[in-house]
Amino acid sequence: MMSETKNRMINIYKQLLKKHKPQGWWPLLNCKGTNPTKTGSIKGYHTKDYSYPHNEQEKFEIIIGAILTQNTAWPNVEKALLNLKKLKAINPKKLLKLTDKKLKEAIKPAGYFNQKANYLKNITELFIKLKGKTPTREELLKIKGVGNETADSILLYAYKQPEFVVDAYTKRLLKLEDKKYEEVKELFEKNLPKKYELYQEYHALIVEEGKRKVNKVIKKQTLKR
DNA sequence: AACCAGGACGTGA
DNA sequence: TCACGTCATGGT
């Protein structure tokens, strides 16, 4: 029998999907897909194709993108990624070889460049150590610069693991701002089929919904009360 | 011209 | 544990 909560979680997904259509996350530089309905960047998306990443380089690109996008709008992350690509540094060994000065200069558009330069080198060292193996959540969380959301983003989008990603939008949308990260994560994971494709799409849809200004108006009203 | 983005970390209470 | 301050660029 289907619980009320499960119904609700699926229904929210269906509504978001109907409203925004498949999002085609995680965006990749070498992927020519576009999504004109999307806010912000319109490049790098691969709608209804959950087969990415196709190789280690794309996997690595998603991982460094996950660091760079922390509290940062995606178009700024794209600029940083393009700079790194120009330096041929979307490659673990080459990225580590960059001087801090060059690395910081390249990722500057994404903000917090002093911290993120360190974070990038930290996660890159782990990536090399893994030799293609999938990291555990705990392994990722040990890395300075990788918190709950980044760890889950890496697992879900780079490694296709069914780990639900919770962000600020997720809590706002469900009005769960007072709940802890792990609690919200479990709400989704315990009430949805453990399919990485579904988790990828669901999170991307929540972000798209959250970006719309309509929500922000509602948010401000509900918070003021 | 404020405000905020696809957070994480360090600190003091 | 928890509430804050900090980090930084660029778009709206």
Side-chain angles (χ1 to χ4, degrees), chain A residues 16 20 22-29 35 37-46 52 61-84 100-101 103-123 126 137-158 163-174 176-185 188 199-221 223-224:
Chain A
L16 290 174
H20 300 300
Q23 296 298 301
W25 275 36
W26 186 279
L28 288 161
L29 293 179
N35 186 345
T37 68
K38 184 173 298 300
T39 56
S41 171
I42 58 165
K43 287 184 187 171
Y45 298 91
H46 38 90
Y52 290 91
E61 182 186 322
I62 293 172
I63 291 171
I64 60 182
I67 297 287
L68 291 172
T69 197
Q70 289 171 357
N71 203 38
T72 300
W74 187 256
N76 294 347
V77 177
E78 259 188 355
K79 287 172 188 157
L81 287 173
L82 287 170
N83 289 341
L84 289 173
D100 285 348
K101 188 179 175 185
L103 179 55
K104 288 175 184 179
E105 191 184 340
I107 66 172
K108 196 168 183 178
Y112 309 110
F113 51 84
N114 288 307
Q115 320 185 40
K116 284 179 179 175
N118 284 320
Y119 296 173
L120 285 178
K121 290 199 170 178
N122 294 343
I123 191 69
L126 174 66
R137 196 165 187 275
E138 290 68 36
E139 267 178 300
L140 290 170
L141 289 174
K142 279 184 201 159
I143 304 298
K144 186 172 168 185
V146 177
N148 282 316
E149 185 183 342
T150 307
D152 286 331
S153 292
I154 289 172
L155 289 169
L156 179 60
Y157 291 102
E163 301 280 350
F164 203 91
V165 178
V166 176
D167 64 352
Y169 293 141
T170 315
K171 293 188 179 182
R172 274 177 226 165
L173 186 65
L174 300 192
L176 298 173
E177 289 96 336
D178 53 334
K179 300 293 181 188
K180 286 192 267 187
Y181 185 95
E182 314 279 351
E183 293 181 67
V184 181
K185 179 177 166 69
F188 282 89
Y199 288 12
Q200 287 188 352
E201 196 64 73
Y202 207 150
H203 172 66
L205 286 166
I206 287 173
V207 172
E208 185 58 26
E209 173 72 10
K211 280 180 182 170
R212 308 285 170 131
K213 294 194 174 168
V214 191
N215 287 303
K216 301 187 181 174
V217 175
I218 293 170
K219 180 194 100 192
K220 282 183 181 173
Q221 287 172 347
L223 283 181
K224 275 197 172 178

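Every chain is numbered from 1 and lettered A, B, ... according to where its sequence line falls, protein lines coming before strand lines. In what follows, every heavy atom counts, from backbone to side chain, and hydrogens, waters and symmetry copies are set aside.
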Set out, line by line, the N/O atom pairs under 3.5 Å between protein and nucleotides 11-13 of chain B.
none

Could you tell me which residues satisfy side chain to side chain contact (heavy atoms under 4.5 Å, CB included) with [X], sequence neighbours excluded, listed by chain and number?
X: A:Ala106; result: A:Asn83, A:Leu84, A:Leu87
X: A:Lys179; result: A:Leu176, A:Glu183, A:Val184
X: A:Thr150; result: A:Ala66, A:Ile67, A:Gln70, A:Val146, A:Ile154
X: A:Tyr112; result: A:Asn71, A:Thr72, A:Gln115, A:Lys116

| field | Is_stacked (A:Trp74, B:dA5) at 5.5 Å, 30 deg | value | no

Among [options], the nucleotide that comes nearest once only the side chain of [X] is considered:
X: A:Gln70; options: B:dA5, B:dA8, C:dG10; result: B:dA8
X: A:Val207; options: C:dG11, B:dG6, B:dG7; result: B:dG6
X: A:Trp25; options: B:dA8, B:dG6, C:dC2; result: B:dG6

| said: side chain to side chain contact (heavy atoms under 4.5 Å, CB included) for A:Leu174 and A:Phe188? Distances and angles first, verdict last. | reply: CA-CA 11 Å; A:Leu174 300 192; A:Phe188 282 89; 3.5 Å; yes

Between [atom2] on [N] and [atom1] on [X], what's the gap in Å once rounded to a whole number?
X: A:Asn83; N: C:dG10; atom1: CG; atom2: C1'; answer: 14 Å
X: A:Asn148; N: B:dG6; atom1: CG; atom2: P; answer: 19 Å
X: A:Arg172; N: B:dA5; atom1: CZ; atom2: P; answer: 5 Å
X: A:Leu205; N: B:dG6; atom1: CG; atom2: P; answer: 15 Å
X: A:Glu149; N: B:dC9; atom1: CD; atom2: C1'; answer: 15 Å
X: A:Lys179; N: C:dT1; atom1: NZ; atom2: C1'; answer: 16 Å
X: A:Lys171; N: B:dG7; atom1: NZ; atom2: P; answer: 12 Å
X: A:Asp178; N: C:dA3; atom1: CG; atom2: P; answer: 11 Å

| When you match A:Lys144 and A:Ala168 each to their closest nucleotide on DNA chain B, which lands nearer the 5' end? | A:Ala168

| Want to settle it: does A:Leu141 or A:Asn76 sit nearer the 5' end of DNA chain B, counting the closest nucleotide to each? | A:Asn76

| Rounding to the closest angstrom, what is the interatomic distance between B:dG10 and C:dA8 at atom P? | 14 Å

| field | Separation of the P atoms in C:dT6 and B:dG6, to the nearest angstrom | value | 23 Å

| query | Does C:dG11 have OP1 or OP2 sitting under 4.0 Å from an N or O in the side chain of A:Lys79? | reply | yes

| query | Looking at A:Lys211, does any N or O in its side chain come under 4.0 Å of the phosphate oxygens OP1/OP2 on B:dC4? | reply |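 No, because none of the side-chain N or O atoms of A:Lys211 sits under 4.0 Å from OP1 or OP2 of B:dC4.
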
| Of the options A:Glu201, A:Glu208, A:Glu209, A:Lys211, which is the one that meets A:His20 in a side-chain hydrogen bond (donor to acceptor under 3.5 Å, both in side chains)? | A:Glu209

Under 3.5 Å, which N/O atoms of the protein pair with N/O atoms of nucleotides 5-8 of chain C?
from  : atom 1 : to       : atom 2 : distance (Å)
C:dC7 : O4'    : A:Gln115 : NE2    : 3.3
C:dC7 : O2     : A:Gln115 : NE2    : 2.7
C:dA8 : OP1    : A:Tyr112 : O      : 3.4
C:dA8 : OP1    : A:Phe113 : N      : 3.4
C:dA8 : OP1    : A:Asn114 : N      : 2.8
C:dA8 : OP1    : A:Gln115 : N      : 3.4
C:dA8 : OP2    : A:Asn114 : ND2    : 2.9
C:dA8 : O4'    : A:Tyr112 : N      : 2.9
C:dA8 : N6     : A:Tyr112 : OH     : 2.2
C:dA8 : N1     : A:Tyr112 : OH     : 2.8

Results of salt bridge (Lys or Arg N to Asp or Glu O under 4.0 Å) for [X] - residues two or more places apart only:
X: A:Glu61; answer: none
X: A:Lys185; answer: A:Asp152, A:Glu163, A:Glu189
X: A:Lys180; answer: none

| query | Only one of A:Trp25, A:Tyr169, A:Trp26 forms a ring-ring contact (aromatic ring centres under 6.0 Å, His included) with A:His203, so which one is it? | reply |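 In the set A:Trp25, A:Tyr169, A:Trp26, the residue that makes a ring-ring contact (aromatic ring centres under 6.0 Å, His included) with A:His203 is A:Trp25.
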
| said: Regarding A:Ile143, tell me which of base, sugar-phosphate or nothing describes its non-hydrogen contacts under 4.0 Å with the strands shown. | reply: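 If one applies the 4.0 Å heavy-atom cut-off, A:Ile143 turns out to touch the sugar-phosphate alone, with no base involved.
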
| said: Base, sugar-phosphate or nothing for A:Val146? Non-hydrogen atoms, less than 4.0 Å. | reply: sugar-phosphate

